Undergrad: 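Pasting a structure here, questions to come.
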Amino acid sequence: MAKKQFKTESKKMLDMMINSIYTHKEIFLRELISNASDAIDKRYFLSLTNPDAGLKKSDYAIILKTDKENRTITVRDNGCGMTEDELEKNLGTIAKSGSFDFKHDNEKTKDVDIIGQFGVGFYSAFMVGDKITVKSRSVNGDKAFVWESTGADGYSVSECDFETVGSEITIHLKEDTESEKYSEFLEAFRIEELVKKYSDYIRYPIKMDVETSRKKEGTENEYETVVENKTLNSMVPIWHRPQSKVSDEEYKNFYCEKFFDYQSPAKVIRTKSEGTVSYEALLFIPQKAPFDYYTKNFEKGLQLYSNGVMIMEKCPDLLPDYFSFVKGLVDSEDFTLNISRETLQHDHQLKIIAKNITKKIKNELEKMMEKDRENYEKFFDEFGIQLKYGVYADYGKDKDVLKDLLLFHTSAEDNYVSLKTYTERMKDGQKDIYYACGETTDKIDMLPQVGAVKAKGFEVLYLTDDIDEFVLMTLMNYADKKFTNVCADNLDISTEEEKNALKEENEKSEELLKFMKDSLDGAVTSVKFTNTLGSHPVCLSTEGGISTEMEKVLSKMPGNGFAPKAEIVLEINMEHSIANTLKSLYESDKDKIKEYSKILYTMARLISGLPVENPTELSNMVCNLM
Ligand code: ADP
């Protein structure tokens, strides 16, 4: 029988397994049992449309066997089995397994990481075995075949005797060395332990003949050794077990294995309903966004089970986009197994479940924000932007669900503040919710207008994400308070007296201000005196609905050549000495005013974080001045 070579990728994977320094070699058993369980799922699924292909449900099982003499472990299942072709395709290549693509991008990563992060499947058997034999009879074939390999030198496939549909994987264990005791896997108690640890929730019985000693019948203290065919796993899926009986460790193992994460989930959510639609859901919020989360390749969705059998790997309709980071599953006996994707999409029950789940997630996040603030902030750093897009999307149709989950940076001591907390601690006499935009909180903190509002004792939200201001525009108000950009010219934080003084000053200097505006050749819509700048000489503010930050964002959007422009006002501090200089120069040297207007305007742009259109001109003007 001619040896065939493994495909390149498979060969590398194989090398990695054979030479693995991975300390958790024991996971090989979990991998083989999972494959067996998947194979039974497939056969069960097939039998729904073709009853002849299946068995009685109670007859499905995974049988483990150890043989100390021959140093072998055998995993046998009565699943779908494999044809000759499938043996070649599935065990000769790692074509579809995601693990390898990953490895390519990261040649230098230690094998430890890859094993921790992804299932490694069938090949993991080579971590403990030097020869693997797979006998299989497919549910779709009339012959049985055996696949055999001693590792890197290739594999062979030939016909064999194998009576029943299913597969049998036999691992011939490597010899023990100083540091590695492979023989431990021949001990029944060790196998039992591994099944409990990794495969307890497998829905089919995992059976093994186990020797136990028991009291001889009719005797006082004589013992005998008997062989008991024992089911090693509890079989009850983790989500069917009472909440109090599942440890954090078990949730973590389940989550990491099922959803290819290597960090424990930030939050586990369980919910259950027995009303018009009955279902159980087990949901996880990851600590970190998956690497492709913010790309269009990411697919949201929950696994859908019908009575413990998975019917859909990713059901997108169960999650709104703004909660697309949630992983997990829904199990409902109300779904029939052979339901098709199309019918599911319109399924009324599915909609009800989705609605309930969304509500549950929202409530749990709110609770987390209140009771576990530190972790909520970590969560928000990771996924907050998704919630913000959720507010803004679809003309704000979901804004009420999301508004209390939002956090913003703030001028107060805290790193973040929620809108609820902000409004609850608003000062007497404060009418609006104040905010300012900029690249970083430090830069925002230095804005003259922010200083002025803070000086009055008011808190300011610091918006650093492009989308933040759009979020506030979509919300329109919170607790009947409207949002006001402190850099807009309608900022109203002055007393009546201050307002009157300002009005008078502006009226008196109308000509000067108009002259300055004209000197700026249309760069601003007006020039005004102001009294809310503290010690700062100038700033820019905006009139109308478009702020300078929004203008920046809008102009960056593709195809937006006609993005609306902010209407810019140059504000001059009437209490600053520069105001008097301008007033007296207007009488004596109008040309100077022209130049000074430009300098002041450019300075104000710099303070607002806007680009300077002509730096050379500015430089020349300042040199002239000196
Ligand atoms: P994965 O399970 O991640 O797809 P594996 O390397 O573990 O990768 O297995 C490759 C493929 O071989 C599986 O997808 C499956 O089609 C097939 N396979 C493995 N074990 C069995 C089995 N016991 N019965 C039937 N098919 C199997």
Side-chain angles (χ1 to χ4, degrees), residues 6-18 20 25 27-47 53-55 60-65 73-103 111 114-129 132-141 143-149 151 155 157 160 162-171 198-199 202-207 256-260 303 310 313:
F6 287 102
K7 295 268 158 58
T8 332
E9 287 80 8
S10 312
K11 207 167 158 165
K12 282 198 212 159
M13 176 65 106
L14 207 63
D15 280 344
M16 237 166 64
M17 288 301 139
I18 293 167
S20 166
K25 291 189 160 71
I27 56 125
F28 80 93
L29 188 64
R30 172 192 78 189
E31 298 295 315
L32 295 189
I33 289 175
S34 290
N35 281 352
S37 166
D38 289 349
I40 297 177
D41 275 349
K42 281 182 203 157
R43 185 168 180 191
Y44 183 77
F45 195 73
L46 272 172
S47 71
L55 296 174
Y60 288 113
I62 299 163
I63 315 278
L64 308 182
K65 213 180 280 173
I73 304 176
T74 305
V75 180
R76 178 166 184 157
D77 66 68
N78 47 14
C80 61
M82 284 178 272
T83 60
E84 182 178 13
D85 235 31
E86 284 165 341
L87 278 169
E88 284 262 352
K89 219 173 54 210
N90 295 339
L91 307 184
T93 52
I94 312 182
K96 51 189 166 32
S97 118
S99 335
F100 222 83
D101 291 341
F102 170 81
K103 185 64 187 163
D111 57 354
I114 185 173
I115 295 168
Q117 291 176 28
F118 301 91
V120 283
F122 173 76
Y123 289 85
S124 62
F126 283 101
M127 292 197 295
V128 296
I132 317 289
T133 309
V134 181
K135 287 185 176 175
S136 196
R137 176 184 287 274
S138 165
V139 68
N140 296 318
K143 287 181 188 161
F145 293 89
V146 56
W147 179 100
E148 193 161 81
S149 168
Y155 63 91
V157 180
C160 73
F162 190 65
E163 290 303 315
T164 51
V165 170
S167 307
E168 182 183 86
I169 291 71
T170 303
I171 305 175
Y198 292 112
S199 313
I202 293 284
R203 287 183 312 281
Y204 307 102
I206 303 169
K207 296 183 180 177
C256 290
E257 194 184 317
K258 265 241 149 31
F259 301 103
F260 310 109
Q303 295 185 338
M310 195 207 286
E313 179 83 47

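One is the number of the first residue; the rest follow in order along the sequence. All ligand and atom numbering here is 1-based and tracks the order in the structure. Values in this document were obtained by computation on a predicted structure and should not be read as measured data.
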Undergrad: Run Y155 and E88 through side chain to side chain donor-acceptor pair (under 3.5 Å) and show every step you take.
TA: CA-CA 9 Å; Y155 63 91; E88 284 262 352; 3.1 Å; yes
Undergrad: Regarding ligand 1, does F122 bring an N or O atom to under 3.5 Å of one of the ligand's N or O atoms?
TA: yes
Undergrad: Would you say Y123's side chain and L91's backbone share a donor-acceptor pair under 3.5 angstrom?
TA: yes
Undergrad: Of all the atoms in ligand 1, which lie at a distance below 4.0 Å from a heavy atom belonging to K42?
TA: 16 (O)
Undergrad: Could you say whether the N/O atoms of Y123 and ligand 1 ever approach to under 3.5 Å?
TA: no
Undergrad: Mind checking side chain to side chain contact (heavy atoms under 4.5 Å, CB included) for E84 and listing every partner two or more places apart, or none if nothing turns up?
TA: F145, V157
Undergrad: Parallel, tilted or perpendicular: which describes the rings of F122 and W147, with under 30° parallel and over 60° perpendicular?
TA: perpendicular
Undergrad: Have a look at ligand 1 and work out which part of V75, if any, has a heavy atom under 4.0 Å from it: side chain, backbone, both or neither.
TA: neither
Undergrad: With respect to atom 19 (C) of ligand 1, which of N78, N35, I62 exhibits the smallest heavy-atom separation?
TA: N35
Undergrad: Among all residues two or more places apart in sequence or in another chain, which pass the salt bridge (charged side-chain N to carboxylate O under 4.0 Å, His left out) test with E168?
TA: R76
Undergrad: Please indicate whether any nitrogen or oxygen in D77 is less than 3.5 Å from any nitrogen or oxygen in ligand 1.
TA: yes
Undergrad: Hey, is the main chain of A61 close enough, under 3.5 Å, to the side chain of N78 for a donor-acceptor pair?
TA: yes
Undergrad: So if I count the atoms of ligand 1 from 1 in the order they appear, which ones are less than 4.0 Å from some heavy atom of M82?
TA: 17 (C), 18 (N), 21 (C), 25 (C), 26 (N), 27 (C)
Undergrad: Counting heavy atoms only, which of A39, S138, S136 is nearest atom 25 (C) of ligand 1?
TA: A39
